[in-house]
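See structure below.
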Amino acid sequence: MQLVRQKEQKEAAGAHIAAQAPRNIRSRRGRRCAAALATLLVAAVGSGCASGAGGSAGGAGHGRPGEHGGPGEHGQAAPGAPDGQKAGGAGTLSYAEQTRRTQAARAVAAKKWGLASTPLAAPPAPAAKPEIANRKGFEIEDEGEGENLPPVFTTVPVKDRVVFLTMDDGSEKDPDLLRMMTELKIPYTAFLSDYVINDNYGYFKRMQDRGVTIQNHTLNHPYLPGLSYEEQRTEICDQQDKLAKRYGKRPTLFRPPYGNYNHDTLRAAKTCGVRAVPLWTAEAYPDHMEWREWDRDLHPGDIVLTHFRGRDDWKGTMPDMIRHAMKVITDKGYAVARLEDYV
């Protein structure tokens, strides 16, 4: 394909040059000069086409500034996106080649950050998102016709061996976590509470700039079923407003603190734009996993919870937690995918 494009552009350039040649050049010397000039220009066009279409050795072509950019700074790839596939834009390489390059870079990063093995590559995001329904036993009965409350679920209905990593609260703001997750290209979703992020909103803006989606975890992390409908609505909807103002996008997902909710919780969440309520099947710590399923195992589409915590709360750091969680996930044959690509 590249050679065809080069041939077509050369012929077009040659035709253009011939049309522009001065008609009053009659001498042999003039004709020779014009021919030489045409040859040089055609060669230049061919060379430029080769650089633009094929790229420089070892990478994609260098377009105009911002030409391939996405929502991240300088078109930064979202975590988990293969190299060459920018956030919000198509890559210049085949998916297989992008994945190969991403996994090679991940292997280097895994060694740097002390992972037991390289994280597995997630499959491409589905063309159509699966239909999300309430998990059996987690549903709340509609009190009126057509309420259509946001579904509560712990697992996304998929067949691929992928799981989803989510982080709650926001009290620990470890810069090593940002670097580690970016270099390892591991996608995750942040469910934030204002009372613990309001001392450093900028940390989570940097996280968002690296491709992480910001979602809602209430203003003050209360036990929601103990509040009135209006109190719950304040906790959920005021946080929606704050996050939209700070980060430019209104969350569509909401996680109730402690996983506790009632009918008023879901009704209030729906009024301010919440579409779904993801809970979790397992929780990651620096030294162990806590399981909520009877078989103490992972399953395709499971949501894994962890928290923004450090040594004050844990026997380790956030990078320690990632090392342990990724060992469990990878050893069980799962890749981490981006939750918002499926929900």
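Being a predicted model, the structure only gives us computed values, none of them experimental. We number each residue from 1, following the sequence as shown.
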Under 3.5 Å, which donor-acceptor pairs link side chains of residues 156-164 to any protein atom two or more places apart or in another chain?
from   : atom 1 : to     : atom 2 : distance (Å)
Arg161 : NE     : Gly333 : O      : 3.3
Arg161 : NH2    : Lys332 : O      : 2.6

Within-4.5 Å side-chain heavy-atom neighbours: [X] and [Y]:
X: Leu339; Y: Thr213; answer: no
X: Met289; Y: His324; answer: yes
X: Arg179; Y: Thr182; answer: no
X: Thr154; Y: Ile303; answer: no
X: Pro222; Y: Leu227; answer: yes
X: Leu192; Y: Ile214; answer: yes
X: Met321; Y: Pro286; answer: yes
X: Val212; Y: Met167; answer: no

- Would you check, one step at a time, whether the test side-chain contact (heavy atoms from CB on, under 4.5 Å) holds for Arg311 with Asp320? CA-CA 10 Å; Arg311 291 190 182 279; Asp320 291 333; 4.1 Å; yes
Distance (rounded to the nearest 0.5 Å) between [X] [atom1] and [Y] [atom2]:
X: Tyr95; Y: Arg100; atom1: OH; atom2: CZ; answer: 14.5 Å
X: Asn216; Y: Thr218; atom1: CG; atom2: OG1; answer: 7.0 Å
X: Asp287; Y: Trp314; atom1: CG; atom2: CH2; answer: 10.0 Å
X: Trp291; Y: Asp297; atom1: CH2; atom2: CG; answer: 6.0 Å
X: Asp313; Y: Tyr285; atom1: CG; atom2: OH; answer: 10.5 Å
X: Thr265; Y: Leu224; atom1: OG1; atom2: CG; answer: 5.0 Å

Which heavy-atom pair separates [X] from [Y] by the least distance, and what is that distance?
X: Met207; Y: Leu177; value: CE-CD2, 4.4 Å
X: Leu279; Y: Pro256; value: CD2-CD, 3.9 Å
X: Gln98; Y: Leu93; value: NE2-O, 2.6 Å
X: Ala276; Y: Phe153; value: CB-CE2, 3.7 Å
X: Thr102; Y: Lys185; value: CG2-CD, 3.5 Å
X: Pro151; Y: Asn134; value: CA-OD1, 3.3 Å

- Please report the C-alpha distance between Val336 and Tyr188 in whole Å, then the side-chain angles of each, then the deciding distance to 0.1 Å, and finally whether the side-chain contact (heavy atoms from CB on, under 4.5 Å) criterion is met. CA-CA 8 Å; Val336 178; Tyr188 59 106; over 6 Å; no
List, one per line, each side-chain donor-acceptor pair under 3.5 Å for residues 111-126, sequence neighbours excluded.
from   : atom 1 : to     : atom 2 : distance (Å)
Lys112 : NZ     : Glu183 : OE1    : 2.9
Lys112 : NZ     : Glu183 : OE2    : 3.1
Trp113 : NE1    : Glu183 : OE1    : 2.9

Considering only residues two or more places apart or on different chains, which pairs with a residue in [range] satisfy disulfide bond (SG atoms under 2.5 Å apart)?
range: residues 237-329; value: Cys237-Cys272
range: residues 303-343; value: none
range: residues 307-343; value: none
range: residues 294-343; value: none

- Item | salt bridge (Lys or Arg N to Asp or Glu O under 4.0 Å) partners for Arg250, two or more places apart |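 Partners of Arg250 under the salt bridge (Lys or Arg N to Asp or Glu O under 4.0 Å) test: Asp241.
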- Query: What residue among Gln240, Glu340, Arg255, Gln239 forms side-chain hydrogen bond (donor to acceptor under 3.5 Å, both in side chains) with Gln215?
  - Reply: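 It is Glu340, the one option of Gln240, Glu340, Arg255, Gln239 that forms the side-chain hydrogen bond (donor to acceptor under 3.5 Å, both in side chains) with Gln215.
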- Query: Does the side-chain contact (heavy atoms from CB on, under 4.5 Å) test come out yes or no for Asp169 and Arg309, once each step is laid out?
  - Reply: CA-CA 9 Å; Asp169 301 346; Arg309 296 286 189 269; 2.8 Å; yes
- Query: Would you find a donor on one side and an acceptor on the other, under 3.5 Å apart, between the side chain of Ser94 and the backbone of Glu97?
  - Reply: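 Pair found, side chain donor or acceptor close to backbone of Glu97.
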- Under 3.5 Å, side chain of Arg135 to main-chain N/O of Thr155, donor-acceptor pair present?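 Side chain of Arg135 to backbone of Thr155, a donor-acceptor pair under 3.5 Å: no, none is there.
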- Task: Check the hydrophobic clustering (I, L, V, M, F, W, Y; side-chain heavy atoms under 4.5 Å; chains of links allowed) and say if Val152 and Ile140 are grouped together.
- Result: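 Val152 clusters together with Ile140.
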- Message: Is there a path of hydrophobic side-chain contacts, each under 4.5 Å between heavy atoms, that joins Tyr334 and Val328?
- Response: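 Yes, Tyr334 connects to Val328 through the hydrophobic network.
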- With sequence neighbours excluded, residues passing side-chain contact (heavy atoms from CB on, under 4.5 Å) with Arg246: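 Result, side-chain contact (heavy atoms from CB on, under 4.5 Å) vs Arg246: Tyr201.
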- Who are the side-chain contact (heavy atoms from CB on, under 4.5 Å) partners of Glu172, not counting sequence neighbours?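 Scan of Glu172 (side-chain contact (heavy atoms from CB on, under 4.5 Å), adjacent residues dropped) gives Asp174, Phe308, Met318.
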- Task: Report, as yes or no, whether the 6.0 Å neighbourhood of atom NZ on Lys249 holds more than 12 heavy atoms from other residues, nucleotides or ligands.
- Result: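 No, because the 6.0 Å sphere around NZ of Lys249 holds 12 heavy atoms or fewer from other groups.
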- Message: Is it the case that atom CZ in Arg292 sees more than 12 heavy atoms from other parts of the structure closer than 6.0 Å?
- Response: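 Enclosed: over 12 neighbouring heavy atoms sit under 6.0 Å from CZ of Arg292.
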- Task: Scan residues 195-207 for pairs that pass salt bridge (charged side-chain N to carboxylate O under 4.0 Å, His left out), counting only residues two or more places apart or in two chains.
- Result: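 Sorted pair list: Lys173-Asp199, Lys205-Asp209.
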- With sequence neighbours left out, which residue pairs that include part of residues 214-234 fulfil the salt bridge (charged side-chain N to carboxylate O under 4.0 Å, His left out) condition?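 Output for this query is empty, none listed.
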- Query: Any ring pair (Phe, Tyr, Trp, His ring centres under 6.0 Å) pairs touching residues 229-261, not counting sequence neighbours?
  - Reply: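 Sorted result for residues 229-261: His221-Tyr258.
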- Message: Using the side chain to side chain contact (heavy atoms under 4.5 Å, CB included) definition, which of the options Thr189, Leu253, Thr252 pairs with Val343?
- Response: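 By the side chain to side chain contact (heavy atoms under 4.5 Å, CB included) criterion, Val343 pairs with just one of Thr189, Leu253, Thr252: Leu253.
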- Item | Audit row: Thr281, His299, side-chain contact (heavy atoms from CB on, under 4.5 Å) steps and yes/no | CA-CA 9 Å; Thr281 63; His299 313 85; 5.6 Å; no
